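Written below as structure tokens is the structure these notes are about.
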There are 2 protein chains.
Amino acid sequence: MSKRPAGRLELLDDVGYLLARSSGIAVRHTNDALAEVGLRVRQYSVLSAACDTGGISQRALSDFLGLDPSQIVALADELQRRGLVERVPDPRDRRTRLITPTDAGRQVYAQSKAAAEAASERSLAPLTDDERGILRELLRRVVTVTSREPAVASEASSAR
Amino acid sequence: MSKRPAGRLELLDDVGYLLARSSGIAVRHTNDALAEVGLRVRQYSVLSAACDTGGISQRALSDFLGLDPSQIVALADELQRRGLVERVPDPRDRRTRLITPTDAGRQVYAQSKAAAEAASERSLAPLTDDERGILRELLRRVVTVTSREPAVASEASSAR
DNA sequence: TCGAATAGTTGAGACTGTCAATCATTGATA
DNA sequence: TATCAATGATTGACAGTCTCAACTATTCGA
């Protein structure tokens with residue numbers, strides 16, 4: 001019998017809060033599910049992008065995942081240490097190193113993907129299939145449009 | 001210019017990933033906006049709940065925000081140190097201390113709420129008003145249904 | 001009354017977000 | 001072509017967050 005706070009909680013109208021809260025729930029479920037293959041959700045996302053592309057530069061990974069380049073280094077180190085990815089020098093630009101999945105990496109990815117999907121199922125239990133589709137499309141727009149922050153740069157500035 | 005990874009990125013179909021990514025975007029925008037009043041989004045959420053309820057136990061706060069009780073302690077400490085909330089002993093249970101807003105706290109909350117709404121506006125720029133409403137409803141269901149998972153889910157319904 | 005459960009607190013360890021600085025390489029240009 | 005700015009990767013640092021375990025004070029039930 002958790003005592004439900006009486007007042008009207010404005011946070012429940014705040015999409016920013018709701019995003020953070022539901023993300024927290026999903027991450028927790030996913031980490032729980034991925035524990036069986038010894039991965040965390042961050043490493044899983046890197047492995048996924050590596051497998052889907054067959055090899056992706058750390059810079060592109062950083063852009064795509066919205067993480068600082070230094071975080072990519074640590075994640076790649078760990079995945080490499082466990083033999084799931086390799087750093088392959090890009091012949092066309094010797095500065096970049098392509099994060100490339102190994103066979104073991106692809107195998108682990110297949111397993112972890114199933115686990116991640118089961119976790120997602122749990123997080124989104126309150127929604128119907130149609131609603132999940134709608135949610136996915138809306139979030140995809142937020143992510144793909146917002147993440148490319150071109151030099152449009154209005155006068156407001158100060159961002160980032 | 002930005003080299004778009006070639007392969008089909010399955011992460012963009014993963015609602016869990018999309019939630020984490022869009023939450024990250026929203027939190028960044030909100031923290032930027034709240035910087036002008038010297039708050040971070042976590043402190044803002046505590047202050048908001050305190051103001052909306054007029055006084056809420058740390059335990060209820062912990063449940064509502066999905067945070068560990070020890071995190072509430074730190075957040076309340078900081079808000080209290082800055083004179084925005086007080087810890088008022090609950091006469092009906094001397095174990096609990098109600099996190100209660102001060103006048104200054106209510107004032108700062110009003111300002112920060114406007115800032116947070118502006119940030120939300122920025123994060124959700126790709127969506128129409130209708131779509132934002134849909135997103136809010138879907139996320140609210142995920143949060144309010146999923147967050148209560150006591151062993152006995154006897155207390156269903158109620159939520160509107 | 002006694003023991004289990006609860007509210008709050010403290011402390012620790014791992015993970016995350018953000019910055020600044022460094023090195024090698026690339027690309028543009030005088 | 002020599003040079004310099006920009007870029008990709010890396011390291012290190014520091015604050016913030018998540019998750020536990022342990023502890024005290026208080027409440028509640030048998």
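Note that the structure is a prediction, hence the values are computed from the model and not measured. Throughout, a chain's letter reflects where its sequence line sits, starting with A, and its residues are numbered from 1.
The existence of a salt bridge linking A/D63 and A/R59 is confirmed by a sub-4.0 Å separation between a basic side-chain nitrogen and an acidic carboxylate oxygen. Salt-bridge check for A/R140 with B/D13: passed, with a basic side-chain N closer than 4.0 Å to an acidic carboxylate O.
Nearest-nucleotide positions on DNA chain D place B/G66 closer to the 5' end than the other of B/P91 and B/G66. Comparing B/R42 and A/R59 against DNA chain D, the residue whose closest nucleotide sits nearer the 5' end is A/R59. Both A/L75 and B/V73 sit near DNA chain C, but only B/V73 has its closest nucleotide nearer the 5' end. Projected onto DNA chain C by closest heavy-atom contact, B/D77 and B/N31 fall at different nucleotides, the more 5' of which corresponds to B/D77.
Rounded to whole Å, atom P of C/dA12 lies 16 Å from atom CG of B/D68. Whole-Å rounding puts the A/L65 CG to C/dT18 P distance at 14 Å. Note: CG (B/D32) to P (C/dT18) measures 8 Å, nearest angstrom. Atom C1' of nucleotide C/dC19 and atom CZ of B/R28 are separated by 13 Å, given to the nearest angstrom. For the pair A/D90 CG and D/dG8 C1', the computed distance is 11 Å after rounding to whole Å. As a whole-Å value, the separation of A/I99 CD1 from D/dA9 P is 8 Å. One can place CD of B/Q80 at 13 Å from P of C/dG8, the figure rounded to the nearest angstrom. The distance from atom NE2 of B/H29 to atom C1' of C/dT18 is 16 Å, rounded to the nearest whole Å.
Screening A/V41, A/L65, A/T30 for a side-chain contact (heavy atoms from CB on, under 4.5 Å) involving B/Y17 leaves a single residue, A/L65.
Within the 3.5 Å criterion, the main-chain N or O of B/V15 finds no donor-acceptor partner in the side chain of A/R132. The closest donor-acceptor contact from the side chain of B/S62 to the backbone of B/L67 lies under 3.5 Å.
Counting non-hydrogen atoms under 4.0 angstrom, B/R92 reaches nothing in the nucleic acid. B/L67 comes within 4.0 angstrom of sugar-phosphate atoms only, judged by non-hydrogen atoms across all strands, and of no base.
Between A/D130 and A/T128, the side chains place no donor N or O within less than 3.5 Å of an acceptor N or O (distance only, hydrogens not considered).
A donor-acceptor contact under 3.5 Å is formed by the side chain of A/R95 with the base of D/dT7.
Set against D/dT19, D/dT27, D/dA9, the side chain of A/Q58 has D/dA9 as its closest nucleotide. Proximity note for A/T96 (side chain, C-beta onward) versus C/dT10, D/dT17, D/dG8: the nearest is D/dG8. Closest to the A/R97 side chain, of the nucleotides D/dG12, D/dA9, C/dG8, is D/dA9. In this structure, the nucleotide among D/dG12, D/dT19, C/dA7 sitting nearest to the side chain of A/S70 is D/dG12. Here the nucleotide nearest the side chain of B/Q71, chosen from D/dA9, D/dT19, C/dT25, is D/dT19.
OP1 or OP2 of C/dT26 lies within a sub-4.0 Å distance of a side-chain N or O belonging to A/R94.
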